[in-house]
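Here the structure comes first, spelled out in structure tokens, and everything after it is commentary.
Keep in mind the model is a prediction, meaning the values are calculated, not measured.
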Amino acid sequence: TTLAHILSGSYIALYSAGIDPSQTHYVIAAIIAAGILDLDHIVSLIRDRDLYKKHGYAGHLHKARSMMHELPGFATIGIVVLAWSFIDVTMASIVGVSFMIHLTQDVIMGKSMPFSPVDKTVIQLLPQKKAIKIVVDILTLLIFGYLWIQYLNVHI
């Protein structure tokens, strides 16, 4: 889920950069960068609503991803982060890590076309079973929810 992406991606980015929670501009940037990629789902869900009515959401949500979930997304964020690093290397690393954690999780957990539009081969690293996704999502939420609580409590 988007919440799992936000909790895990932002925490990893902030912790690895040694950011104190009082540096709110970095915290907000990490949270936004970890979750913003999923806004593309809204467009696809509206555009393809007839498909989802007919076939349901299960097993079809990977089709709700834009090109930003694939090679163009990696390239675009890489260029943005590189350019941003000349202004604020800490912000660039936080945004880049948050975004890349999200993309990596999507590749691991779902179906992906990592080299689209060059190669439209669909890969899946894990079985696409609802139970596996639910367990991983719940574990991610619990683990990173706990880590966020620790992070915020230690630094208050």
**OP:** Working to the nearest 0.5 Å, report the span between NZ of K130 and CD1 of I132.
**Re:** 13.5 Å
Original post:
D137 side chain to K133 main-chain N or O, any donor-acceptor pair under 3.5 Å?
Top reply: no
**OP:** Output the distance between atom CD1 (I123) and atom NZ (K111), rounded to the nearest 0.5 Å.
**Re:** 12.0 Å
**OP:** State the CZ-CG distance between F144 and L147, to the nearest 0.5 angstrom.
**Re:** 6.0 Å
Original post:
If two hydrophobic side chains count as joined below 4.5 Å and joins carry through other members, does I143 share a cluster with I31?
Top reply: yes
**OP:** With rounding to the nearest 0.5 Å, note down the distance linking CG in L139 to CD1 in I134.
**Re:** 12.0 Å
**OP:** Give the minimum heavy-atom separation between I6 and G35, together with the two atoms involved.
**Re:** CG1-CA, 3.6 Å
**OP:** Find out if a path of hydrophobic residues (ILVMFWY) with successive side-chain heavy-atom gaps under 4.5 Å connects V122 to F115.
**Re:** no
**OP:** Flag the pair L141 / L3 as yes when at least one side-chain heavy-atom distance between them is below 4.5 Å, and no otherwise.
**Re:** yes
Original post:
Between Y151 and W148, what is the ring plane arrangement, given parallel below 30°, perpendicular above 60°, and tilted in between?
Top reply: perpendicular
Subject >> Min side-chain heavy-atom separation Q23-L14 under 4.5 Å >> reply: no
Original post:
Passes side chain to side chain contact (heavy atoms under 4.5 Å, CB included), D38 versus H102? Steps please.
Top reply: CA-CA 9 Å; D38 280 347; H102 182 132; 3.0 Å; yes
Subject >> Rounded distance [0.5 Å steps], CG in D119 versus CD in E70 >> reply: 11.0 Å
Original post:
Got a sec: does the CG of L71 have more than 12 other heavy atoms crowding it under 6.0 Å?
Top reply: yes
Subject >> Nearest non-hydrogen partners of L152 and P21, listed with the distance >> reply: CD2-CB, 3.8 Å
Original post:
Counting only N and O atoms by type, is there a donor-acceptor contact under 3.5 Å from the side chain of Q128 to the main-chain atoms of M109?
Top reply: yes
**OP:** Treat each ILVMFWY residue as a node, draw an edge where side-chain heavy atoms are under 4.5 Å apart, and state whether V136 and L125 are in one component.
**Re:** yes
Subject >> Inter-residue atom distance L7.CG - I12.CD1, 0.5 Å rounding >> reply: 10.5 Å
Original post:
OH of Y15: more than 12 outside heavy atoms within 6.0 angstrom?
Top reply: no
Original post:
Can V135 be reached from L142 by stepping across I, L, V, M, F, W or Y side chains whose heavy atoms are under 4.5 Å apart?
Top reply: no
Subject >> V27 versus D20, closest heavy-atom pair with distance >> reply: CG2-O, 4.4 Å
**OP:** Evaluate the criterion side chain to side chain contact (heavy atoms under 4.5 Å, CB included) for residue pair V81 and W84; output intermediate values, then yes/no.
**Re:** CA-CA 5 Å; V81 166; W84 209 335; 5.5 Å; no
Kindly list each side-chain donor-acceptor pair under 3.5 angstrom involving residues 86-101, sequence neighbours excluded, with atom names and distances?
unit_1	atom_1	unit_2	atom_2	d
D88	OD1	Y26	OH	3.3
D88	OD1	T90	N	3.2
D88	OD1	M91	N	3.2
D88	OD2	Y26	OH	3.2
S93	OG	V89	O	3.4
S93	OG	T90	O	2.9
S98	OG	A30	O	3.4
S98	OG	I94	O	2.9

